[in-house]
Amino acid sequence: MKSSKGRTTLEVGADGVAIITIINPPVNSLSFDVLNSLKDSCEQALGRDDVKAIVVTGAQGKFSGGFDISAFGKIQDKSVTAPKPGFVSLEILSDVLAAGKKPFVAAIDGLALGGGLEVALACHARISTPNAQLGLPELQLGVIPGFGGTQALPRLVGIAKALEMMLTSKPVKGEEALSLCLVDALASPNELVSTARRWALDILERKRPWVITYYKTDKLEPLGEVREMLKFARDQVRKRAPNLKHPLVLIDVIEGGVISGARAGLLKEAEAFQGLVESDTCRSLVHIFFAQRGTTKVPRVTDVGLKPRKIKKVAVLGGGLMGSGIATALILSNYPVILKEVNDMFLQSGIGRVKANLQSRVKKGKMSQEKFEKALSLLKGAVDYENFRDVDMVIEAVIENVSLKQQIFSDLEKFCPSHCILASNTSTIDLDLIGEKTRSQDRIIGAHFFSPAHVMPLLEIVRTQKTSPQVIIDLLDVGKKIKKTPVMVGNCTGFAVNRMFFPYTQAAFLLVERGAAIYQIDRVITKFGMPMGPFRLCDLVGFGVAIATGGQFVLNFPERTYKTMVIPLMQEDKRAGESTRRGFYAYDEKRKASPDPEIKKYIDKAREISGVTIDPKLTKLSDKDIVEMIFFPVVNEACRVLAEGIAVKASDLDISAVMGMGFPPYRVQLWNRQSPAYKANTDLLLAVS
Ligand SMILES: NC(=O)c1ccc[n+]([C@@H]2O[C@H](COP(=O)([O-])OP(=O)(O)OC[C@H]3O[C@@H](n4cnc5c(N)ncnc54)[C@H](O)[C@@H]3O)[C@@H](O)[C@H]2O)c1
Ligand SMILES: *[C@@H]1O[C@H](CO)[C@@H](O)[C@H](O)[C@H]1NC(C)=O
Ligand SMILES: *[C@@H]1O[C@H](CO)[C@@H](O)[C@H](O)[C@H]1NC(C)=O
Ligand SMILES: CC(=O)N[C@H]1CO[C@H](CO)[C@@H](O)[C@@H]1O
């Protein structure tokens, strides 16, 4: 891919309409070069006597994907002087385009997102294709729209809809955009530009209205109603995203424009944008944006000219929780799947689980009945290997038993074609051991899904010394196609996620046995932004599983594992977590967790057995202390994973933490010093504020 800086072109037709085309593949993002060139082209068109009206469009069937996200780094870097996007846009969009003495019409195909849509909003009319995606997703990156969108969108669609579109970051399609008056007309891709040309001339001839979006007020709801809406929105935001400031800033900026007019609103927007762009939240979210797209770049694997092979059929072995989830994910993405079980009874319950997974999507309105039938028709059951002759990939998800898995893999070698990828979902068994009795070690690979596999977004791809690059590329591709974020890791206990996070629960137990308040820890960690604290997580996973996986770490890292007695003591009393309705919390019929005073008894007993004493300092920890004591050991473990070469790059671990454990993405910051505890050679690390 060549790195062009982007530009616009200007072409004047015989009808006197100039076409300005934004060119910056792949999504025509708005770099500063594009913006400057856009300004030049607009000024030229306005100045030329042979130009009567102007159409703005994007090359290759895409209007524009928005502000160039890679330019955020430049704006945030205080050592270089970068232009301020908000003010740049004020100059170009509001002072040149919107205020222009000739009509501007946007011709929108493909996507008009973020700054892309904001360019279109500055025009005097918009024509779109029915399938184009229009939206302002800036909040996802920790900023607000900075090219006038906070002022323009409410004036076209009303405050209520504008708030919804910006707060959810969800785009609308052309059809809906028309009904919202976000666009003025629809046209097929072939007729898009000619329709826009005609429209521009019509405006000039006053056959259609010449509308400057920023001056429009007819769609704004009455002030009293607006106040109510904004108050409601603020309450919702405080409740749903208590750690984020930028959604509240958005609401303030919208309010400013309604009260003081669009010009004041635009200035307020530009200033607020500049402040937010430098925030830790924005830095973290931009980092995550690129980190997520970077997981499929693996040195010496994806850069040696190999292409993913076509996977036409997949077999899943084992129809348990994991296998049925994996099968569900595959058929949802149109892969024909054979689900194999040991006997018909197990097979039927496996297929039943897949059906239930699909049905729950239908119930939630995420899938049509038609799509349900289609997905289900891709699933075939089997109790033998007869139909494995044309399978391109097998994912094994049977119980953790070495000799069983060895048997399965030598059977697979017999029944599957010689190119077939042999993947295992094992989390605890050495892949080399599994493949020991085969001659196919170059096509054995780990595919570690998280439960439930059809819901959780992360896929750890585990390579051995012998796995071939082609097989890795194939699985990375399947991972993306089934809408997972695949991360490639090497072999170690717990791979990336469980390895990084074993110190998470461990630190919590260590603190509690020495006097820290158990429910305070969960409360603080949840407030920090994790989906749940370490104790609630133990309850969810179940103590049986917790002990089994904990044992693996004790075995492999004896020098830094803390073995708590609390869990075995609770298990003796048949407390084993949420499934038994009693763990660190008590659960009612609706599975609502509440603190349980009886827990103190177990902690006291454990303390006695282990011979530890209460440390008065630990009984009154601040929230900040707790966060650091729980997460710094996680960060250190991440450094080890990186130093051992298990992970390819630090950003892969950031993504693993976010996607695998629900670590808050807005807290993953740039960490510019090496971990004091472990000298890992990296500049980006999972860090906590
Ligand atoms: N300006 C904003 O506020 C904003 C916010 C979110 C998304 N977006 C844009 O919307 C597009 C679609 O979003 P998606 O989440 O579906 O992403 P996506 O990964 O599906 O994006 C499609 C393509 O855009 C490429 N891309 C990534 N970063 C880019 C950059 N800085 N400049 C140009 N191209 C880039 C990707 O490599 C990918 O090929 C994104 O590419 C992004 O440009 C803009
Ligand atoms: C593991 O699998 C083998 C082979 O199928 C079987 O004989 C053995 O009993 C199993 N072990 C356990 C602990 O289930
Ligand atoms: C894989 O990791 C496990 C656990 O650390 C270890 O026992 C095994 O030897 C490793 N295998 C290879 C090939 O490195
Ligand atoms: C790591 C992993 O996913 N292991 C699972 C493999 O599949 C079996 C059977 O469904 C599960 O019990 C394991 O937890």
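First listed ligand is number 1; within each ligand, the first listed atom is number 1. Each residue takes its place number in the sequence, starting with 1. All heavy atoms count here, side chains included; hydrogens, waters and symmetry mates do not.
D392 places a side-chain N or O within donor-acceptor distance of the main-chain N or O of K312, the cut-off being under 3.5 Å.
Protein heavy atom nearest atom 11 (N) of ligand 2, with residue, atom name and distance: N401 ND2, 2.8 Å.
Distance check for atom 5 (O) of ligand 2: a protein heavy atom is found below 4.0 Å. Protein non-hydrogen atoms do not reach within 4.0 Å of atom 9 (O) of ligand 2.
Residue contact check: L404 has heavy atoms under 4.0 Å from atoms 2 (O), 5 (O) of ligand 2. Interface of S403 with ligand 2, defined as ligand atoms under 4.0 Å from a residue heavy atom, comprises 1 (C), 2 (O), 3 (C).
The six-membered or imidazole ring of F543 lies near that of F584, with a centre-to-centre distance under 6.0 Å. Between Y385 and F415, the distance from one ring center to the other falls under 6.0 angstrom. Ring to ring, Y562 and F502 are not that close: their centroids are 6.0 angstrom or more apart.
Ion pairing between K605 and E572 fails under the 4.0 Å rule for side-chain N and carboxylate O.
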